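Please read the structure below before turning to the comments.
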Amino acid sequence: MDEQLKKTPLVCVVGPTASGKSSLAVKLAQKLSGEIISADSMQIYEYMNIGTAKPTAAEMCGIPHHLIDFIPPDKLFTVADYVKLARQKINEVTKQNKLPILTGGTGLYISSVADNIIFSESPSNTKLRAELKAISDEQGNEFMWNMLNEIDPILAKTLHPNNSGRVLRGIEIYKLTGTTMTEHKRLSRLRESPYKLCMLGLNFKNRETLYARIDARVDAMISLGLVDEVRELIKMGYSKTSVQAIGYKEFFDYLNGKCSLQEAVDCVKQETRKYAKRQLTWFRRDERINWIYVDEFEDNDLILQEALKLINKNTGGI
RNA sequence: GGCGCCAUAGCCAAGCGGUAAGGCAGAGGUCUGCAAAACCUUUAUCCCCGAUUCGAUUUCGGGUGGCGCCU
């Protein structure tokens, strides 16, 4: 019990894209004297504003937002980097007697912070990775999987041979550290979470409603000048990270004259829906999440009330 | 009115006398260092009726629907 009292309160607002996380988080911050720490793998980048739905100054309503818009789009950024920064921000916010509110749709980032995953230090590995990639290209996925199965059968069993990225990573981490991924995972979870968590998840009873919101939002992004934003990024020479961001990569073909604007827009909508579905798959398995079904409430105020109620119930008051 | 073509899953689409590829969409899932990424699983009895046949989605006849052309 005393242990519980010592823990740092941390509210998490999760859910699929376009479910209203940002807006709810801001309102919670206003009510509970909080600050927002973003958990979004794309909003971290500068110049990618419209397409990542980065909150505008107006939308922030004066609430401080951390871990948004702070690194150039071509910089490599990993979960480990994120967790480090997020922990730091949570501490800073807490020290000011403010409530940290972790908000975002990147499940891996959220979980890693919430579960207090300790990522081991590992040296730069691009060379080894390239070597493994070369072998893989030559010998094939099965071969690499068998190699992994020799060194870390537990991990191998959970991976499909076609998932070469992970298979290679499993081999790589062993060659690099002499310790298997399975062991790394065990070690990463030894320290108990310092947070008193309250996780809120936004979802929809009717999936169609979510998809309609996604479509509408993509259309809105276009009106706001998303295509010009993509043009600018390319002009600045940034096409590496944006290559994998939905709402950016789809416009490359359009800008190269390979498809119509409408086709590109439809593609963005489609990809965003699939992304939302994947996000739900990720979050659904986290039993700590208290789900709020957005389409069961008449307006945002009622959603806020529900969220406050859940926070109260789960933390005994903050 | 005549001639020709087509009819396979929500969509696109292959196929064959022995009980139907693939792609997309949809649904479900995996997840520890680029995660808005990567990967996995999953969905039909072939327009209707008759005939031939051991057996028809596949052949033949008729119907219905659609497309094209002609008068």
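Here the structure is a predicted model, which means the values were calculated and not measured. Throughout, protein chains are lettered first and strands after them, A, B, ... in sequence-line order, and every chain is numbered starting at 1.
Using a 4.0 Å cut-off, no side-chain N or O of A:Arg166 falls inside it from OP1 or OP2 of B:A37. For the pair A:Lys75 and B:C34, the criterion of a side-chain N or O lying under 4.0 Å from OP1 or OP2 is not met. The phosphate of B:C40 has neither OP1 nor OP2 within less than 4.0 Å of any side-chain N or O from A:Arg278. Under 4.0 angstrom from either OP1 or OP2 of B:G28 there lies at least one side-chain N or O belonging to A:Arg284. Between A:Lys274 and B:A25 there is a side-chain polar atom (N or O) within less than 4.0 angstrom of OP1 or OP2. Of the side-chain N and O atoms in A:Asn162, one or more sit less than 4.0 angstrom from OP1 or OP2 of B:C40. Close to B:G26, at under 4.0 Å from its OP1 or OP2, lies a side-chain N or O of A:Gln270. In this model, the phosphate group of B:U32 is not approached by any side-chain N or O of A:Arg186 to a distance below 4.0 Å at OP1 or OP2.
Taking the nucleotide of RNA chain B with the nearest heavy atom to each of A:Met181 and A:Gln43, the more 5' of the two is matched to A:Met181.
If you measure from atom NZ of A:Lys157 to atom C1' of B:C39, you get 18 Å, rounded to the nearest angstrom. In this entry the distance linking CG of A:Leu159 with C1' of B:C40 reads 11 Å, nearest Å.
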| note | For RNA chain B, the expected dot-bracket line (Watson-Crick or G-U under 3.5 Å, [ ] crossing, | inter-strand) is (((((((..(((.....[...))).(((((.......)))))....(((((..]....)))))))))))).
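Checking side-chain atoms of A:Lys21 against main-chain N and O of A:Thr103 turns up no donor-acceptor pair under 3.5 Å.
Across the P atoms, B:A27 and B:G66 are found 32 Å apart, a figure rounded to whole Å. Taking atom C1' on both B:A14 and B:G23, the two are 11 Å apart, rounded to the nearest angstrom. Going from the P atom of B:U32 to that of B:A38 covers 16 Å, rounded to whole Å. Here, B:C3 and B:A21 have their P atoms 38 Å apart, quoted to the whole Å. Taking atom C1' on both nucleotides, B:A35 is separated from B:C46 by 42 Å, rounded to a whole Å.
Not counting sequence neighbours, the partners of A:Glu296 by the side-chain contact (heavy atoms from CB on, under 4.5 Å) test are A:Lys205, A:Tyr293. In this view, A:Asp228 and A:Arg231 satisfy the side chain to side chain donor-acceptor pair (under 3.5 Å) rule, not counting sequence neighbours.
Side-chain polar atoms of A:Asp301 and A:Gln305 form no donor-acceptor pair below 3.5 angstrom.
Closest contact between the side chain of A:Trp282 and the listed nucleotides B:A35, B:C34, B:U32 involves B:A35.
Note on A:Ile44: it does not cluster hydrophobically with A:Met60, by side-chain heavy-atom contacts below 4.5 Å among ILVMFWY residues.
Residue-level contact check: A:Thr52 touches the bases, meaning some heavy atom is under 4.0 Å from a base atom.
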